[in-house]
Amino acid sequence: MRFSRLLVPTTKETPNDATLASHIYLIRGGFIQSVGGSGLYNFLPLGKKVLDKVRAVVKEELDKVGCQEVSLSFVTPASLWKESGRFEKYGKELLRFKDRKNNDFILGPTHEEMMVNLVRQTVKSYKQLPLNLYQINLKFRDEIRPRFGLMRGREFLMKDGYSFHASSEDMKREFDLMETTYKKIFSRLGLEFRVVEADSGAIGGSGSKEFMVLADSGEDTIVVCDKCDYGANIEAAVRKEKGCEVEAPEAIFSKFHTPDTKTIEALSAFFHVDPYYLVKTVAKKALYDEDRSEVVLFALRGSDELQEVKACNAVNANDLVDITEEELTEIGLVPGYMGPTTAPEGVKVVYDYNMKDADSMICGSNEEAYHLVGNSFKGVDADFADLVAVQEGDLCSCCGSPLRYTKGIEAGHIFQLGTQYSEPLGATFLDENGKAQPMVMGTYGIGVSRLLAAIIEQNHDDRGCIWTKESAPFDLQIIVSNIKDEAQVTLGEKLYDSMLEKGVDVLLDERKDRFGAKMKDYELLGVPHAVVIGKKLADGLVEFVTRKGMLKDEVSVDEIETLLKERF
Ligand code: ATP
Ligand code: MG
């Protein structure tokens, strides 16, 4: 490609809404263009090229292990989503609309229903299983806060795959195969990433894993162990059970006057007791289907923090929201003095697992200015769940080393679905005994357009993008410093032709512009390597540039072609 022919509107101006490097450079480098500033983007030629390269890596690795690509209709009849029950359940992120005949439709935010529909019409027997079908297509989610450019768009490109099996064992085999395949994909793209246990909602366990691209700007907090391989999203992280070096404050059960001690800190100071022996009682309103809601008290040790996603899963709610002091008072709870043992009738209490054998505990009495001491929770008949947010320094449940936090960008997600969709949608097959069974499913996503942002978050400097080998818009850029210098132009054209002939994806910058402007564009666009043909050509020298670190090697004209042939 010749730069003079390329539509690449680079600019020095940073878009107002952009804070992340990837957002800034993808816009400034003319890769993408915002449409109306609300999570919608046009891909310009360079952006489309990178997208296609990433897409090709994804496709190649998937096809190698027997996945088959299809392309599903983007506009989805709502009837399918009504069958699965998601038409009502899915929140405002789902774009619903009607056609001229008043039929309901949606724009797919994910395509489980569509894929199950395809398979239920075509697969009848166990002999046709297993099957792994995927597409690399548009998704639409009416995100409440689209931001960070391609990182969280409303319309975005996703690879979404779905596998169908005759048994759970076979689905687990495919799940592991997808984990291996995803690792290959992210490695080929030159990314530093970590596979972590993810929140699997009601399924629990290791039913779901996320692929996190490590970057300080990531929206997800992940908990990692540096000693072993353990990694988990904060929403799913577990730790080795925590003890306390300070001895338990022994006391017989009694009520204490504790004015103005509404926080764990105040209570700890008042009794001179480690927060480990205090009960933290957190009230939340749990929201369920059909506008149903209830107040729930979550009780955990005062030294721990509540993890809201875990808490939400513990009561099987759609969401947990905060409650005002007025609302608490209305149902008979005393803010600052709530306790799990004295909750008013009808208020649900869930205890954290670490409370199971808690003894000599101090908790609220649900009476203004009073706490109860000497509480034992040993053998209590109650609901227990894992409610704790793992903290940095807590110990790894696998190897006992300290855990730490890091930030990640969720680039992929694999999920053991089971029969959650095949059952309501009636996707069954006849097993070896001729008996109809629901297909067991797995689902596997990659944020293909988000990956462009993730690659740049991990690979940039203060001048612009540094694309990785397999994601780069071009393999090589040849920069002719001064197009009025005939010798420079002749060499540039010659190298360009020979590289094209070899099948190298090469960009020749033969524009009239000043040399400085051309180099600025080179740095901004981030092609991994360049040959700069400048003044030193008179001495028989050109420069071979590596974008990462802007390393410059002087190479003699006689050797440059050989060097390029070796490199590419
Ligand atoms: P997030 O937690 O970031 O909102 P998600 O868990 O809702 O993502 P999934 O349903 O798991 O997303 O979708 C599969 C993949 O699609 C994600 O791993 C992510 O890479 C990508 N993705 C999801 N939402 C967006 C978005 N709004 N813009 C770009 N990519 C997205
Ligand atoms: Mg996800």
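FYI, the numbering just counts along the sequence from 1. The shown structure was predicted, so the numbers you read here are calculated from the model rather than taken from an experiment.
For NZ of K98, the number of neighbouring non-hydrogen atoms (other residues, nucleotides, ligands) closer than 6.0 Å is greater than 12. Heavy atoms of other residues, nucleotides or ligands lying less than 6.0 angstrom from CG of L7 number more than 12. Shown here is K520, whose NZ atom has no more than 12 heavy atoms of other residues, nucleotides or ligands within 6.0 Å. Within 6.0 Å of NZ in K82 there are more than 12 heavy atoms belonging to other residues, nucleotides or ligands. Enclosure of atom CG in D17 by more than 12 non-hydrogen atoms of other residues, nucleotides or ligands within 6.0 angstrom is indicated.
Between D304 and K280 there is no salt bridge, since none of the side-chain N atoms of the basic residue sits less than 4.0 Å from a carboxylate O of the acidic one. At a threshold of 4.0 Å, the pair E241-K356 does not count as salt-bridged, since none of the basic side-chain nitrogens sits closer than that to a carboxylate oxygen. A salt bridge between E61 and K64 is present, with a side-chain N of the basic residue lying under 4.0 Å from a carboxylate O of the acidic one. A salt bridge is absent between D352 and R301; no separation between the charged side-chain nitrogens and carboxylate oxygens falls under 4.0 Å. Under the 4.0 Å criterion applied to side-chain N and carboxylate O atoms, D199 and K310 are not assigned as salt-bridge partners. The pair K172-D176 does not meet the salt-bridge criterion, since no charged nitrogen lies less than 4.0 angstrom from a carboxylate oxygen. Ionic pairing of D322 and K284 is present here: one or more N-O contacts between side-chain nitrogen and carboxylate oxygen are shorter than 4.0 angstrom.
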| task | I would like to know whether S163 and E174 meet side-chain hydrogen bond (donor to acceptor under 3.5 Å, both in side chains); could you show each step before the answer? | result | CA-CA 8 Å; S163 70; E174 188 75 11; 5.4 Å; no
| Step-by-step side-chain hydrogen bond (donor to acceptor under 3.5 Å, both in side chains) determination, Y421 to R86 | CA-CA 10 Å; Y421 291 90; R86 279 211 289 187; 3.1 Å; yes
| query | Is there a salt bridge (Lys or Arg N to Asp or Glu O under 4.0 Å) between D170 and R173 once you walk through the steps? | reply | CA-CA 5 Å; D170 195 52; R173 176 203 49 75; 2.8 Å; yes
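Nearest heavy atom pair, residue Y405 against residue Q391, reads OH-CA, 3.5 Å. Nearest heavy-atom pair, L525 versus G29, reported as atom, atom and distance to 0.1 Å: CD2-O, 3.2 Å.
Between the side chains of S22 and H460, no donor-acceptor pair of N or O atoms lies under 3.5 Å. Side-chain atoms of T468 and S471 form a donor-acceptor pair, as typed in the model, at a separation below 3.5 Å. One side chain, S217 or E457, offers a donor N or O that lies under 3.5 Å from an acceptor on the other.
With respect to K407, the side-chain hydrogen bond (donor to acceptor under 3.5 Å, both in side chains) criterion is satisfied by exactly one of T221, D220, D216: T221. A salt bridge (Lys or Arg N to Asp or Glu O under 4.0 Å) with K285 holds for exactly one of E327, E308, E294; it is E327. Among N137, L107, I106, the single residue meeting the side chain to side chain contact (heavy atoms under 4.5 Å, CB included) criterion with F74 is L107.
In this structure the side chain of C465 reaches within 4.5 angstrom of the side chain of F31, judged on heavy atoms.
L138 CG to L157 CG: the interatomic distance, rounded to the nearest 0.5 Å, is 6.0 Å. Note that CG of D63 and CG of N132 are 10.0 Å apart. Values are rounded to the nearest 0.5 Å. Between atom CH2 of residue W81 and atom CG of residue N117 there is a gap of 13.5 Å, rounded to the nearest 0.5 Å. E235 CD to N313 CG: the interatomic distance, rounded to the nearest 0.5 Å, is 8.5 Å. How far CD of E305 is from CD1 of I264: 9.0 Å, rounded to the nearest 0.5 Å.
Looking at T546, its side chain never comes within 3.5 Å of a backbone N or O of K548 through a donor-acceptor pair. Using modelled atom types, no side-chain atom of R547 and backbone atom of V527 make a donor-acceptor pair closer than 3.5 Å. Judged by distance alone, the side chain of D160 and the main-chain N or O of T110 form no donor-acceptor pair under 3.5 Å.
Classified by interplanar angle (parallel below 30°, tilted 30° to 60°, perpendicular above 60°), the ring pair F186/F193 is tilted. The aromatic rings of F175 and Y444 lie tilted to each other, with the angle between the two planes from 30° to 60°.
The aromatic ring centroids of F384 and Y353 lie 6.0 Å or more from each other.
Geometrically, K49 engages F474 in a cation-pi contact, judged by NZ or CZ lying under 6.0 Å from the ring centre and within 45° of the ring axis. Judged by the 6.0 Å and 45° rule, R450 forms no cation-pi pair with F156.
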